[in-house]
Amino acid sequence: MAGKKDKVNDFVVRFANVNGTGSASANFLFTKAIFRMGIPVTPKNIFPSNIQGLPTWYEVRVSEKGYLGRREGIDLLVAVNPQSMMNDVKSVRTGGYFLYDSSKKLHAEYIREDINYIGIPLMQMCNEAYSDARQRQLFKNIIYVGALAALLDIEFSVLEGLLADQFKGKEKLIPMNVKALQMGVDYIHKNFKYPLEIRLERRDLIGDAIMIDGNSACGLGAVYAGATVVAWYPITPSTSVVEAFGNYADEFRVDKETGKNNVAIIQAEDELAAIGMVIGANWNGARSFTATSGPGLSLMNEFLGLAYFAEVPAVLVDVQRSGPSTGMPTRTQQSDVLEAAYASHGDTKHVLLFPSTPKECFDMMADSFDFAELLQTPVILMTDLDLGMNDHISQPFAWDDKREYNRGKVLNAADLEKIEKFGRYLDVDGDGITYRTYPGTHPTKGSFFTRGTSRDEYATYTEDSDAYHRNMDRLIKKWNTAKEIVSPPQVYQEKNNSKNGILFFGTSQYAAEEAMDLLKEEKVIVDAIRIRAFPFNKTVEDFINSHDKIFVIEQNRDAQMKSLLMIELGINPEKLISVLNYDGLPITAENIIKQITGNLNHKFKILDAKN
Amino acid sequence: MAGKKDKVNDFVVRFANVNGTGSASANFLFTKAIFRMGIPVTPKNIFPSNIQGLPTWYEVRVSEKGYLGRREGIDLLVAVNPQSMMNDVKSVRTGGYFLYDSSKKLHAEYIREDINYIGIPLMQMCNEAYSDARQRQLFKNIIYVGALAALLDIEFSVLEGLLADQFKGKEKLIPMNVKALQMGVDYIHKNFKYPLEIRLERRDLIGDAIMIDGNSACGLGAVYAGATVVAWYPITPSTSVVEAFGNYADEFRVDKETGKNNVAIIQAEDELAAIGMVIGANWNGARSFTATSGPGLSLMNEFLGLAYFAEVPAVLVDVQRSGPSTGMPTRTQQSDVLEAAYASHGDTKHVLLFPSTPKECFDMMADSFDFAELLQTPVILMTDLDLGMNDHISQPFAWDDKREYNRGKVLNAADLEKIEKFGRYLDVDGDGITYRTYPGTHPTKGSFFTRGTSRDEYATYTEDSDAYHRNMDRLIKKWNTAKEIVSPPQVYQEKNNSKNGILFFGTSQYAAEEAMDLLKEEKVIVDAIRIRAFPFNKTVEDFINSHDKIFVIEQNRDAQMKSLLMIELGINPEKLISVLNYDGLPITAENIIKQITGNLNHKFKILDAKN
Amino acid sequence: MTYLRPKFRHPELPKNKLGYSVDKYEGALSTLCAGCGHDSISAGIIQAAFELNIEPHKLAKLSGIGCSSKTPAYFLSNSHGFNSVHGRMPSVATGAAMANRDLTYFGVSGDGDTASIGMGQFVHVVRRNLNMTYIVMNNGCYGLTKGQDSATADRGSKNKSGEVNLFQSIDLASLAIELGATFVAQSFSGDKSQLVPLIKAAMSHPGFAFINVISPCVTFNNNLGSTKSYDFVREHVEATATIDFVPEMKEITANYEKGSSKEVKLHDGSYIQLKKLAEGWDPLDRLSAMNAVQNARAKNEILTGLLYMNPNSVDLHELIETSNKPLNSLKKSDLCPGSEALKAVNAGLR
Amino acid sequence: MTYLRPKFRHPELPKNKLGYSVDKYEGALSTLCAGCGHDSISAGIIQAAFELNIEPHKLAKLSGIGCSSKTPAYFLSNSHGFNSVHGRMPSVATGAAMANRDLTYFGVSGDGDTASIGMGQFVHVVRRNLNMTYIVMNNGCYGLTKGQDSATADRGSKNKSGEVNLFQSIDLASLAIELGATFVAQSFSGDKSQLVPLIKAAMSHPGFAFINVISPCVTFNNNLGSTKSYDFVREHVEATATIDFVPEMKEITANYEKGSSKEVKLHDGSYIQLKKLAEGWDPLDRLSAMNAVQNARAKNEILTGLLYMNPNSVDLHELIETSNKPLNSLKKSDLCPGSEALKAVNAGLR
Ligand SMILES: Cc1ncc(C[n+]2csc(CCOP(=O)(O)OP(=O)(O)O)c2C)c(N)n1
Ligand SMILES: Cc1ncc(C[n+]2csc(CCOP(=O)(O)OP(=O)(O)O)c2C)c(N)n1
Ligand code: SF4
Ligand code: SF4
Ligand SMILES: [Mg+2]
Ligand SMILES: [Mg+2]
């Protein structure tokens, strides 16, 4: 991607900051402005597992074509962190730009011949304009945004509009921010040629899309789905799921008359307690969920087995981070797939959903409660740090007011009156799903004793081998029923165009779709399918069976989704080619293409051109 | 198995007792006597998850041919439990015997035309002979053993010898027991034709074999292996592992001079604490282990991930019971295989060992510490309730006094002096295994900071993507190294005799070997391999690749070992045919044969004859 | 009790205000050892629920794992029950209680279940003042796994395998007071006259009500000073090294006056010293309650009765101000903001 | 502190008895927020180890997860360290200590790490009287996950997101005394003159030595009565809804006389009231210690100093009578019974 022609709406800007310096909101302002100019844009946070003083990066990709995955190759680096400066300089592509604080002269070792330097005396400007140390700190960020506005042609009125929205109710803050922006603009206007050849031009490519992170979308989805009991324990990167839920609940769930809450949010003492609470609440007829990440999922294993066997609904959001162990808590990965699918000792299987976008986070969160209650089993929403904590452009949320909550097979008092003998685990309908009752339903009928130990169809304790066997088989029947209930995959073509297919899920979607496009430009055609749920729908099986080679794209080391495909569908591993990424950063199209073309022995022109 | 010819040393006796009535020791006396008569015998406990008052069964198979798996079809039922009597009557094979307490007349509903009844007025005899209620209870059991001695031709002197051993130091108890035995003998002699056509004849088929349960063998193995720190939490069926360890430690690990213990055994507050202690102790250079069952394994997930990633050795015995959840705690299963193999979130893999016999429990327990320290990773010994809590005939234990403990790559102070810069995670030898140091080794060299988060080769904290990636790849290299270090499989033939193979592990060995023999009688030849460790050794791969069809025998519902074979070896699932058993009882040869011949479309004469 | 317990009842049993006789409050037949203290407590729970005129189906009973945790199957069979996982009943109860504030929550746990694996959850359910009754059937051992010492076993006591407990015991009642529990009582399984009123009081308390009930384990009890005198059967059992023999035992009962002390002989011949709080005891004074418990402990006495109660208890629902209607009864119309609101949300995200 | 802390040292630093100057006891550069109380405690630990003439490599430092649990990387870099998993350091420390009784064990935890997820392990490590020093760097919040209330947060305090903590706080020192801890102290991160001697005393105590150190979190502190007066920057940060801005802060120090009280102003303008135990305080009387703590709590005072110590502490190794030689130093000859013994075992199984 060298070359020096104008690159309108197609470049990557990376901000190198120190965390705790208030850069996050300034950087977001930059991204959001591009979004408001109607141009596809995608930001990624690359942040440390600490609170203050360490390097943090914010990478913004602008893509006229709407490619919203990460891309390697930095066109403009905004260097506000002396700590990481040396590596930051190296990371700029040949011909790219390096924006730095020129209050002090740049040391010779930071000078590269093949990139362009834009020095702005940020500190000096702040020291002159502000007396309070904290204001100096804070406005430095705003000033460089102003500079970028000038350099990249961001419309100033858009920035002003954003500030007006942001400081609604605190209007006195607006002029100070505008002034700081203007300082940045002015400095560029005075000292540099602008705009650069990488620059922005207003488009109308966003439509009615919104910009939001996946965790907030999950929280909102749970409010819409009618979740009332939420238990959780803080852990990065899942914390903001429940925080968002809480904020939306403050807005939507306070009873107007009484001022009381139509929701109970409990910060549990740990993840074992959180999932225990969720199980207790669901058992008692409330929709309830928790959110966690890998270590929490590990701790929930025993309880997940109980919920599977006792057939209690439960919804769990796993915002995956790099594992194993505490791993890299602030980096993304899709490496809890196998653990989640078979969590707990003994023969267990759990329903998983794999959202790719905030809209899907919202929808699947709502669906997950239906699925959990329909199937009376845990449902785990497998999202990840990239989706959960980064802002994404997404289709707007939609809700059909006619949609009812599907509470599954629950008998009320009247139903019980009609029944001769209630059998909690009796497969009346032959689909493996049995009827349950909530506590308190009927004075003499329908009560039963829930346990994780063996029992017969009437929930009576037994150690009888046959009863145990029957029950385990029924659970498999239920599993098979689930296959056609859970979210079907997204198939990218009506009929096959190739004997090769690619299969992906979750946040790999962005890079995978881009890779498909680029491959097509090279006349390498692949069919594609995006998995959205486990167990696998028949369509998944058909797709795989009707292709010779399937490239399974996933963001983990051990090819975990491939394992599930083999185990559950009996697919010959030879036809499943893994395309893996596991360095903690979101996967890129370039990476996918390299691995696919490597396998296909295809010499790829675009790639070669880049290198 | 109808037919009325004499069945010498080939039958099944089942005792139906109430638990808490002292029947266990009497029933063991019966089994041990047969053992001492040189005849292969195998007992199975089928006991409830409670302490007193519920049905419990003890099933003893006698097999001249040395088949030590469970067999269906009860030849003689000893009915001492009115609660279960109706089902007990039904369980006897046509032509079999039903021994019951005839103090009260047997109700008509218990009468079957096709079986033989042996009524002994046990209660009445006890009431007459003993005044103390508890003695009445206790000796009832001894009396029926006496009766069985007469009916089946157990040598009385053998029983006397056993009592003498048992009451060594409490000799005054012997005559009373002998008297009770004699009462049983006499009653038979007076009232029945004896012996029955199912009966015993002294043989010399036992050699120098011993009889012991697998849990005790594990405990003993750990003493020999030099384990010094043991942490555990009680759970059936693993409790007796540590209890046995403690008993052997009392014998072998008390310092003669000081009277102090060369061991520390800590009953932890739960399984999380138990594995935490094990990790702490191993990190600090002691050999340390814990024992648990499914629910405990589930709780250990997070810590196992830490040990994998931080590369701390740990030994864990998982005595598997029927899952999921609390499942059937007193029934056997091999259903924690998948959970153990990939325990914890993120990309993790753990070394598993699969013993089949008490001797192997002992050996593998000793090996597991070598493997754990060599590989600096958790090693999980996957045994089960059948192996752990039932007595088995086994080759005697052996220990080579020249054997040294292999402590793996540990640097001492002198080593450190020689090294320029110590890198805890530096792959010096190219095998993925790095050098470690124990705390306290050297004043200024070799100390490092252990963590579950990302670090570089020098154990320095980093969030660098490359460092993370390098480390994850090195862990895979180590995994590959492990393949040829862990216990190789047992291959049953020098070269292949068939295009079909069977593959099994753990306690399925007994039934699988019997099934092979029976198949051979029918001219159905199958090759066989017994897996003894995960990751799989090259031999396993070769065996599978050199056959068309592999029957994978396992005692779980979800074909978990088959899953591991597919995932790790990339085997086409089509060639792996599952032979499953998951009703909580040990698998039988008959069951295996049915499933194999069903698949091969072979009409099996022996089986047909039986039904 | 045994599986053969006769089910015959006199037809004219007294009825409570709901018109129910006590058999309406019974459960399945117990499978615990004959004479187990836990069964006596179950009987007390049945009696208390009967006397309190509780609608059985308006009560949810929850437990962990252990002999004690099995008991919910043996009382109130018209109540939903949840025998969850070991040590984690408090969290399940918390979730359940959050879902429906209109039921009565009754939790049963053991000393292993609460004081070892469950310690964390116990501390936090106390802290949250969840509106529930929480009984620990405290036998100082792990009954179901065959008699290992628990963390409440007295220091110096011997267990069935003859091992001496080296560790100080955790005093659950004192701990609960320290943690700010709003209702703390202690009793003995065999003392129905004290136990039933305490259970009733606990169930009426608006907040977390804890009762620690000393409940001897027939089979594995390991009480301080266990005499272990010569006993033929014990020797027999010891010699055969199978702890499989449980002699039939009778329930131990203890009836004594308020303010008095009583030495109770347990099945194995050992004694415990119970001291019933005097009539004039002021259970509203937290500091004096703590002191009394500490002093009794120093004297090896177990103080019984209502030790402490906070009359101003504010339970979790009140604290977090959940709606008065049970959350599980709310409908889509109460819960779902609808499509219009969502349009506004979308607008805010552009 | 920042990554730029100058490493320059005066060449003639005083040396301790081992001939080491204090820099021998330092660790890697801290990555905590500037002014974080935890860094002050680290400095105290460095000073204490220096003054106690500890061989750094004969000490093992262990922690859970959290800002506080990171600190072992910032002191004693010649010691092995183990930053384990969240809330489970006590078990790892127990195993480590069992393996080698000859090292000194130093544990660091946070209030989230100890009072929430780690409560069970904390209670049991106290009960076992493991020979270790256990410091909780108590800031009333979860620093590393961005400021949620912990179980030691004061009831009524407001956290960074403006939410009021509704729950009573767990008093870890009082709890430890209740559980029978043999050494319990309390202090303030900024009071080096008190802290260093307490750490030294703790490290010298043969058994479990607990120090609860109040350690303000610069960034998310949520202390009672936090004034939250008008502040431009705070408003700015609130409006942008990113809690990403951490102003540079100075360490808070507090020096005051024994027996006196001191109000300490925290970074957010709120105050805490510290009360230093008087000279004449008898730390050997458990009941009076408990009372003093309870009374102070009622007055919203935090009692600092050595609250309680049992001079007859019997640590876990002594209790279970492990060999005097470290278990990890025993050789095959000490451990393996050998083939002859095995023959006898075999014979007994025939
Ligand atoms: C995770 C887990 N660990 C261990 C067990 C085994 N277990 C069952 S009951 C029990 C102890 C019960 O003791 P307690 O709570 O005192 O009840 P009791 O039987 O004495 O009434 C244990 C350890 C289990 N079921 N689950
Ligand atoms: C099992 C697990 N759950 C949650 C987390 C996330 N987490 C990391 S630190 C922390 C809380 C730390 O609080 P505290 O112990 O008080 O330390 P501080 O940061 O305040 O010093 C949490 C919840 C984790 N690492 N592991
Ligand atoms: S073992 Fe003990 S606690 Fe369990 S049922 Fe028997 S007497 Fe009760
Ligand atoms: S967030 Fe708080 S506890 Fe963490 S380093 Fe910063 S000031 Fe310290
Ligand atoms: Mg108990
Ligand atoms: Mg904290």
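Heavy atoms only: backbone and side chains are in, while hydrogens, waters and symmetry mates are out. Labels below follow one simple rule: chain letters A, B, ... track the order of the sequence lines, proteins then strands, and each chain is numbered from 1.
- Within residues 122-132 of chain C, the residues that have a heavy atom under 4.5 Å from a heavy atom of chain D are C:V123, C:H124, C:V126, C:R127, C:R128, listed by number.
- Contact count versus chain D (heavy atoms, under 4.5 Å) is highest, among C:M290, C:Q121, C:Q294, C:R286, for C:Q294.
- The CG atom of D:L287 sits 6.0 Å away from atom CG of C:N295, with the distance rounded to the nearest 0.5 Å.
- Among residues 179-186 of chain C, the residues having any heavy atom closer than 4.5 Å to a heavy atom of chain D are, in sequence order, C:L179, C:G180.
- At a heavy-atom cut-off of under 4.5 Å, chain D is reached by C:L316, C:L319, C:I320 from residues 313-320 of chain C, listed in order of number.
- Ranked by non-hydrogen atom pairs under 4.5 Å with chain D, the options C:G118, C:S174, C:G120 are led by C:S174.
- Residues meeting the side chain to side chain contact (heavy atoms under 4.5 Å, CB included) test with C:E301, sequence neighbours left out: C:S261, C:Q273, C:K275, C:A296, C:K299.
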